[in-house]
Amino acid sequence: MEKLRLSVAGSACAVGHRDLRSPQSEENRRHRRQHHFPQGRSLSQAEPGNQPGGGTLEEAERRSGGTGRRRNPWAVEPRNRRNQLAAPTEPPGVYLERKGSGRCFLVAGRRRGPGFAVAMLPYTVNFKVSARTLTGALNAHNKAAVDWGWQGLIAYGCHSLVVVIDSNTAQTLQVLEKHKADVVKVKWARENYHHNIGSPYSLRLASADVNGKIIVWDVAAGIAQCEIQEHAKPIQDVQWLWNQDASRDLLLAIHPPNYIVLWNADTGTKLWKKSYADNILSFSFDPFDPSHLTLLTSEGIVFISDFSPSKPPSGPGKKVYISSPHSSPAHSKVAAATGAKKALNKVKILITQEKPSAEFITLDCLQLAYLPSKRNHMLLLYPREILILDLEVNQTVGVIAIERTGVPFLQVIPCFQRDCLFCLHENGCITLRVRRSYNSIFTTSSEEPDPDPVQELTYDLRSQCDAIRVTKTVRPFSMVCCPVNENAAALIVSDGRVMIWELKSAVCSRNSRNSSSGVSPLYSPVSFCGIPVGVLQNKLPDLSLDNMIGQSAVAGEEHPKSPILQEVHLKFLLTGLLSGLPSPHFAIRMCPPLTTKNIKVYQPLLAVGTSNGSVLVYHLTSGLLHKELSIHSCEVKGIEWTSLTGFLSFATSTPNNMGLVRNELQLVDLPTGRSIAFRGERGNDESPIEMIKVSHLKQYLAVVFKDKPLELWDVRTCTILREMSKNFPAITALEWSPSHNLKSLRKKQLATREAMARQTVVSDTELSVVESSVISLLQEAESKSELSQNISAREHFVFTDNDGQVYHLTVEGNSVKDSARIPPDGSMGSITCIAWKGDTLVLGDMDGNLNFWDLKGRVSRGIPTHRSWVRKIRFAPGKGNQKLIAMYNDGAEVWDTKEVQMVSSLRSGRNVTFRILDVDWCTSDKVILASDDGCIRVLEMSMKSTCFRMDEQELTEPVWCPYLLVPRASLALKAFLLHQPWNGRYSLDVSHIDYPENEEIKNLLQEQLNSLSNDIKKLLLDPEFTLLQRCLLVSRLYGDESELHFWTVAAHYLHSLSQERAASTTAARAPAPRDRVNNPLDICYDILCENAYFQKFQLERVNLQEVKRSTYDHTRKCTDQLLLLGQTDRAVQLLLETSAENQHYYCDSLKACLVTTVTSSGPSQSTIKLVATNMIANGKLAEGVQLLCLIDKAADACRYLQTYGEWNRAAWLAKVRLNSEECADVLKRWVDHLCSPQVNQKSKALLVLLSLGCFSSVAETLHSMRYFDRAALFVEACLKYGAIEVSQDTEKLIAAIYADYARSLKNLGFKQGAVLFASKAGAAGRDLLNELESPKQELTAQ
């Protein structure tokens, strides 16, 4: 240790050194505590045992055993926790109490031990600051890294981070940090499975990066469950398998250039890997058939029809090229073009036979996606058009083109509930296009409807949102749509903004519609949540897309004229906006620390100066932007707070050729946003400001310039105190002393107050009020009378010059005195920064050396860090806290200056990918790092980037997300929402429930219920809201995909059954209800729809195919479809169109003759049947089936199709050709196949059974699958509708279902529900009922 050398005379040295140290003796402290504390003068002395550390609450918490982090909400609270902070023998006064949630209460009264009742003052202060990351602008790699999950949360990539936000409140819930490279894809796991304790609701997310790493996250806990790596190249695409009956953990990924790999995302195991000939860009799963997968490659499209989790696809797949018209010999003979066909001549088409020449291949396809609203339809997105393809005939059936002046497309998302498209354009505008319905609505009553209207697949623009201002750095990246309700879209912008646009519907009068627009009107649906409702009944039209707009009418079918049908208009409304940080460079500064004196007004605010001249102020408890202030015209270089509500910031313009700049120094008042030029007219054409430093008591400001002497200013009056002479040394580093002469200041203040008191006659009590109102030094110093008499405390600062000499100056009022000079230390280079706290002074230099001075012991110690230039050093807040953060060019370190040892280190390129731009302390144990990836991180002192638990977050608005609850609690909440038969009326208050979990979980359940919107609460509390509607609504609230589909189909067919029964019991003259015709199940459910509606849709589809056909191949496929549908006349017309040059001319002519001459006579039928069976036996299945359909043997055809594994084709044929009984037989065989172990698609089998009306079989299957909750609720609904015939067998089944449901409710802790269903179960639930009621009997006996 080297002795500290002082070069000045002894007396000066003594004075100087005395001034450097705290002037208060222990006696003074004790005196002040005794005389001023009872009046509320100083809270800092109320801490236990008067420990030397005192001031900040973080320090108090650290000493009292807290960790600074929020406790686990599931942990049991220690009983004596509330009394930990106060010593039992304190004088009466005001004390601090700490609650477990991180809130502080002021308590009045004398402390008398744990049992003493105290009066709470009516305010709380939340001082908890979680570790968090504030994110900014995105990287180009993040463009497609966004997903909106069924869980209701949006995840997107920001550089190497994954940000998770709530879609309702636009709050950041989680930031996941583990990737070492930019994130390119994120995908939420699907929720298409039954949830129970073993398979709970969980937040699982997969993210993939540029280096080929895939991480599967448990988002709620913020931990990586699994890491997957195959190659070190960017992942092109990643998807979870949507059919989750067999496994919920399967993840398919494209590893460049041409591999698809199936992973088990739970274990990280590779299940199989398959390579293809071309580079794969993306892929899409068929939403109707999990075995169909389509790859978009660099040259075209590859169709895979044998995708299976158990083995890789067998062959190379069916390759299809996207070509411009007339690029192939196959197109040389086209039928005479009609008007509709001429329009299609310009459209890109698919070629399967051979690869077209290079100039005709179109490679600008942006996206490929299946339409989830219609089976076997796909869209291809190009910058200026969207093609709709019918995959059964491989032909373009619709084109959505943009006008010449229109804005090109970037992305399109097709909807499931309605045939709609969300389109994103290059200007950031989102448009909604809805498929036009073709019906007689266009013809007036006097006109005859067109008997054969030309079909067009047209998507009308129904709504569009505002565009954003696109610049070089600001452009739209991508869009996601809410998968549950499909009524909202989120736009991710390159500058880090997330804009959430929600669709709203408005009912309009029919007269207001502009009939000349040619756009068919949209009508509101008849039903709400699956059940038709009256005009006066409660409904929430904006709940989802299918509750906003009704189904498009099938061609030629008129909308029923009904008063319920109301025309609606749609509009986009911006309901959420999340702004990111602007692009770096940043200057950050945390507000003054929390102390016991400012606890009433304290807010943890962080000021961020940006490169565009604005200052952003963030509230670090919530992480939200508190204020955005446009203050400067150039980059902000530094910020210093002058109080909790004001700061100084400075900016310098770019230097002119003489090296002079315009300096801007602004004083900002945060509550009003008012800013004033602190230096008045000064600032033009002068040397740039290097730094500003505000003194410890916020009285003085030192302004250091590059080539100009120091300026000293009075912060309170904005006046200059001293401009140093030209020979004043050049300053390289400067720091104010934390010590100050309060004793002399207090004497002066009391003298002033006495003088004021003499001038006015006041009573003793008023005088004591005047004395005790001295809350803080700042408030005392701001008194105008004191300012006029220049009352100010003496403060000191030190600075170093180019030679490393340390100067110590004293400032009091206008006088500046040179107190001491300490010669340079030979081991140090040019000093770059100084930090001073207590008796420790630390200097950093250009070479990476840190020099620790102990002013009390007068010794110094130099530590070489070998880290190059020390850019900044700063002490942590908190009395007695001697931690220090040092920032270097390549990272940062935290040091303990008491022990002179490093606590933690962070180095760019080694353990992090970003470079640090600025550092500061957030609290006594947390640091803030601003980095060049545009993010600001609040980290623990270890500086390890760790994600936090989402339930530890302090949110400004409550968030509905039952996934955040522990599994038992989330399932208990669901049971509570679904069904409350034990209550006379429905309730949203869990307090009256006999729930055995601790009070904390009950409170969390109530918080979730309170966070529901008022509209949803109103629906849930409506006594007319049926059980089926409630099940549907809760499945939407939970984002439960499996339940949503089940209850949609169940509600539809149970209601249809009741309507049919009502019709059959009415008088014969009453017309049958048209509900099943007018309100059929949506076509997105495909094979589950009513037969009549399904047939109409298929006829409409084949009409469109016929109009759009452009090659012989298309014509032949259309003919086949028409024959299967029984449309023999039109099929014959198409067969006769074949030209004589065609090689199939003779065959088609004979086929036309056969179709027209087929009779139902025995010999011809048996001959055709024999030929058909021979053809099928010899591998010509499609031709044989066609022949069987010609002689009305479709049932046999279906059997053959099923025998050869064509189950979907058989179901389709049964729906369009067979009567209901024969169709049901075919579908029941399909159900058996779906339930078989090798297929394992029981959830699909359940839906097919529902569509057949086999409700008893559904209940039995649900029970065998152990879906007890769904089975019990379904049985309840069936009994209400009379859909299950009560017999001995069904009664036994129902009793077993109720008993099992009661057991599951008991396991969840729902005693009331368990008792009710156990009593309903009769004998099967008797033992359980006795077990449930026995504790009650014991209690009553006692």
Side-chain angles (χ1 to χ4, degrees), residues 139-146 157 181-187 206-214 228-241 251-263 270-286 292-307 312-324 327-328 348-370 378-383 386-387 389 391 394 409-412 477-478:
N139 186 297
H141 287 135
N142 303 137
K143 184 164 187 176
V146 60
D182 293 333
V183 174
V184 289
K185 287 283 172 189
V186 293
K187 278 287 181 295
S207 59
D209 66 24
V210 171
N211 289 347
K213 176 170 273 192
I214 300 172
I228 295 166
Q229 182 97 43
E230 177 73 5
H231 300 294
K233 291 182 179 174
I235 302 289
Q236 287 289 90
D237 205 354
V238 65
Q239 280 281 1
W240 296 83
L241 267 55
L251 191 68
L252 189 71
I254 298 175
H255 294 268
N258 57 352
Y259 295 101
I260 61 169
V261 183
L262 186 68
W263 299 94
K270 189 197 314 183
L271 301 180
W272 52 253
K273 180 178 180 179
K274 167 89 176 166
S275 65
Y276 286 86
D278 300 331
N279 290 356
I280 306 169
L281 306 176
S282 66
F283 63 84
S284 180
F285 274 108
D286 185 343
H292 286 185
L293 174 71
T294 305
L295 310 176
L296 179 65
T297 70
S298 52
E299 291 200 335
I301 300 171
V302 176
F303 291 104
I304 299 166
S305 57
D306 60 343
F307 180 86
S314 53
K318 178 182 160 195
K319 191 179 283 188
V320 174
Y321 299 96
I322 310 164
S323 164
S324 299
S327 63
S328 160
K348 301 176 181 67
I349 48 178
L350 301 181
I351 297 179
T352 51
Q353 292 89 347
E354 74 284 338
K355 185 173 178 178
S357 53
E359 68 265 22
F360 290 114
I361 291 185
T362 55
L363 298 176
D364 58 341
C365 183
L366 301 177
Q367 187 188 338
L368 163 152
Y370 278 92
M378 177 179 276
L379 66 80
L380 295 176
L381 176 70
Y382 291 86
I386 300 171
L387 306 189
L389 312 177
L391 299 180
N394 268 5
F409 292 114
L410 265 185
Q411 191 189 349
V412 62
F477 263 7
S478 58

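Small disclaimer: the values here were computed from a predicted structure and weren't measured. The chain is numbered in sequence order, starting from 1.
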- Message: Using a 6.0 Å distance limit plus a 45 degree cone around the ring axis, check whether K274 lies over the aromatic ring of Y276.
- Response: yes
- Note on the structure: Between the CZ atom in F307 and the OG1 atom in T294, the distance rounded to the nearest 0.5 Å is 12.0 Å
- Message: Could you measure the distance from the CG atom of D209 to the CG atom of N142? Nearest 0.5 Å is fine.
- Response: 11.0 Å
- Query: How close do A369 and S284 get, heavy atom to heavy atom, and via which atoms?
  - Reply: CA-OG, 3.8 Å
- Message: A side-chain contact here means heavy atoms from C-beta on lying under 4.5 Å apart; do K273 and E230 qualify?
- Response: yes
- Message: Is any side-chain heavy atom of V238 closer than 4.5 Å to one of L251?
- Response: yes
- Message: If we check side chain to side chain contact (heavy atoms under 4.5 Å, CB included) with L295, which of these qualifies: I301, D278, I280?
- Response: I280
- Query: ring pair (Phe, Tyr, Trp, His ring centres under 6.0 Å) between H292 and Y370: does it pass, once the steps are laid out?
  - Reply: CA-CA 11 Å; H292 286 185; Y370 278 92; 7.8 Å; no
- Task: Locate the shortest heavy-atom distance separating S478 from A144; write the atom from each residue and the value.
- Result: OG-CA, 4.3 Å
- Item | Residue pair N394 / K318, side-chain heavy-atom distance below 4.5 Å | yes
- When every non-hydrogen atom of P313 is compared with those of D306, the smallest separation belongs to CB-OD1, 3.6 Å
- Rounded to the nearest 0.5 Å, what separation is found between the CG atom of L368 and the CG atom of L296? 5.5 Å
- Item | Residue pair G212 / H255: nearest heavy atoms and the distance that separates them | O-CE1, 4.5 Å
- Query: How many angstroms lie between CG in N279 and CD1 in I254, if you round to the nearest 0.5 Å?
  - Reply: 10.5 Å
- Message: Quick check for you: to the nearest 0.5 Å, what is the distance between I235 atom CD1 and K187 atom NZ?
- Response: 12.5 Å
- Closest heavy-atom contact between V302 and P316? CG1-O, 3.5 Å
- Item | Student check: side-chain heavy atoms of F409 and P383 closer than 4.5 Å | no
- Item | Verdict with reasoning, I260 to L293, per side-chain contact (heavy atoms from CB on, under 4.5 Å) | CA-CA 11 Å; I260 61 169; L293 174 71; 4.2 Å; yes
- Measure the CG-CD distance between N258 and Q236 for me, rounded to the nearest 0.5 Å. 11.0 Å
- Is there a side-chain contact between M378 and F303, using heavy atoms and a 4.5 Å cut-off? yes
- Query: Do the side chains of K185 and D237 get nearer than 4.5 Å, heavy atoms only?
  - Reply: yes
- Item | Heavy-atom closest contact (K319 atom, A277 atom, distance) | NZ-CB, 4.3 Å
- Within-4.5 Å side-chain heavy-atom neighbours: V183 and H141: no
- Message: Using side-chain heavy atoms (C-beta onward) and a distance below 4.5 Å, is L252 in contact with L241?
- Response: yes
